[in-house]
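See below for the structure under consideration.
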Amino acid sequence: MSTESGLLDFRSQSGLWRGKDPMQLASTRAMMENREAFVEFYQMRIQGLLSCKPHAGHECLAEWERRGLVHGVITQNVDGFHQAAGSLAVAELHGSLAKIRCLACGTEYANTRYLEDKGTICTCGGFLRPGVVLFGESLPQSQVDQAISWTEQADLFIVLGSSLTVSPANWFPQHAKEKGAKLVIVNQEPTPLDAWADEVIQNERIGNVLQRVGQSLGE
């Protein structure tokens with residue numbers, strides 16, 4: 001979903017991690033011991049985020065939620081584009097770059113503060129960190145619990161643009177299938193769960209696929 005909006009992914013040949021060590025840039029250790037590189041990395045990510053916007057696929061999901069056809073979006077993305085497009089029921093497994101917060105007092109700010117002069121310092125003097133889950137941190141339990149609830153209630157579980165190689169996110173479509181849901185996977189390349197799926201769509205843009213589905217739903 002994010003790459004179709006113009007954001008870089010992490011693991012492709014041109015991704016964010018090419019030639020970089022994630023533990024030196026995006027971990028709790030980096031935040032405490034390699035702070036200059038940590039801040040530069042997240043300033044770069046926020047700048048990239050502000051230059052992009054939700055695409056047609058995000059808008060389709062938001063519209064289907066309004067119509068009662070989509071009951072929840074489970075995402076590993078941290079761009080906040082689902083909410084920007086109008087989705088309300090979103091479980092953000094890896095947090096969000098839309099906000100930053102103070103390590104000392106917990107006060108939240110808009111991510112644009114990170115790009116200001118001395119924008120990493122809270123009014124209380126504490127260090128401001130991005131609202132994403134860093135390497136070395138646990139996923140937010142409330143978001144995981146919500147994702148499990150939606151998964152277990154699903155009649156149809158749609159995977160959009162995931163390699164399905166990262167846990168625990170790749171567990172949810174398997175669990176939905178075990179609970180009796182139909183499984184559809186839309187991704188540019190094959191995934192380890194393709195054999196589980198009732199339908200696999202490859203080599204198509206997510207926005208185009210969802211718009212086509214929307215037309216069949218009478219939009």
Side-chain angles (χ1 to χ4, degrees), residues 1-20 22 25-27 40-65 70 72-100 110-112 114-115 129-135 137 139-140 143-144 146-147 150 157-173 184-193 201-211 213-214:
M1 293 292 283
S2 294
T3 55
E4 204 160 299
S5 284
L7 294 173
L8 292 175
D9 62 8
F10 287 94
R11 295 174 176 81
S12 72
Q13 289 297 313
S14 59
L16 286 170
W17 294 147
R18 185 176 184 184
K20 300 182 179 70
L25 297 173
S27 66
E40 287 179 356
F41 176 70
Y42 280 103
Q43 287 175 332
M44 178 269 292
R45 291 198 62 192
I46 290 171
Q47 286 173 332
L49 190 64
L50 295 175
S51 69
C52 299
K53 62 182 182 179
H55 57 72
H58 294 102
E59 294 168 359
C60 285
L61 294 178
E63 174 60 23
W64 295 348
E65 181 183 319
V70 167
V73 174
I74 303 167
T75 183
Q76 296 171 275
N77 297 335
V78 298
D79 48 48
F81 286 170
H82 286 293
Q83 292 92 329
S87 291
L88 300 177
V90 183
E92 295 178 307
L93 298 181
H94 292 177
S96 174
L97 262 183
K99 298 286 186 180
I100 57 176
N111 59 11
T112 50
Y114 232 49
L115 306 180
R129 56 154 294 171
V132 298
V133 176
L134 304 174
F135 288 99
E137 293 181 322
L139 301 187
Q143 302 299 292
V144 173
Q146 179 62 82
W150 286 335
F157 194 106
I158 308 173
V159 175
L160 298 171
S162 173
S163 64
L164 295 176
T165 59
V166 177
S167 296
N170 62 357
W171 173 84
F172 294 111
V184 175
I185 298 176
V186 183
N187 196 50
Q188 285 292 324
E189 299 176 353
T191 80
L193 296 187
I201 300 172
Q202 295 177 358
N203 301 315
E204 288 197 63
R205 294 176 66 84
I206 294 169
N208 293 343
V209 172
L210 297 191
Q211 284 182 311
V213 173

CG of Leu160 to CG of Asn187, rounded to nearest 0.5 Å, is 9.5 Å
Flag, side chain of Glu4 to backbone of Gly207, donor-acceptor distance under 3.5 Å: yes
Quick one: closest heavy-atom pair of Thr191 and Ser163, and the distance? CB-O, 3.7 Å
Across all chains, not counting sequence neighbours, the side-chain hydrogen bond (donor to acceptor under 3.5 Å, both in side chains) partners of Gln83 are Glu92
Contacts of type side chain to side chain contact (heavy atoms under 4.5 Å, CB included), residue Val133, not counting sequence neighbours: Glu137, Leu139, Pro140
Can you tell me how far OH of Tyr42 sits from CD1 of Ile100, rounded to the nearest 0.5 angstrom? 13.0 Å
Contacts of Asn170 meeting side-chain hydrogen bond (donor to acceptor under 3.5 Å, both in side chains) (sequence neighbours excluded), chain-then-number -> Ser167
Rounded to the nearest 0.5 Å, what separation is found between the CD1 atom of Ile158 and the CD1 atom of Ile206? 11.0 Å
Residues two or more places apart in sequence or in another chain: which of them pass salt bridge (charged side-chain N to carboxylate O under 4.0 Å, His left out) with Glu40? none
Excluding sequence neighbours, so at least two apart, what forms side-chain hydrogen bond (donor to acceptor under 3.5 Å, both in side chains) with Ser5? none
Which residues pass the side chain to side chain contact (heavy atoms under 4.5 Å, CB included) test with Gln47, not counting sequence neighbours? Leu115
Who pairs with His94 by ring-ring contact (aromatic ring centres under 6.0 Å, His included), at least two apart in sequence or on another chain? none
Run the side chain to side chain contact (heavy atoms under 4.5 Å, CB included) test against Asp79 and tell me which residues pass, sequence neighbours left out. Ser2, Leu7, Leu49, Asn77, Phe81
Under the side chain to side chain contact (heavy atoms under 4.5 Å, CB included) test, which residues partner Glu59, sequence neighbours left out? Ala85
By side-chain hydrogen bond (donor to acceptor under 3.5 Å, both in side chains) - contacts of Glu204 (at least two apart): Arg212
Distance, nearest 0.5 Å, that separates NE2 of His82 from OG of Ser96: 11.0 Å
Hey, what do you get for CE (Met1) to OG1 (Thr75), rounding to the nearest 0.5 Å? 7.5 Å
Out of curiosity, Met44 CE to Leu25 CG, how far, rounded to the nearest 0.5 Å? 8.0 Å
Can you name the one residue among Val166, Leu164, Thr165 that meets side-chain contact (heavy atoms from CB on, under 4.5 Å) with Ser162? Leu164
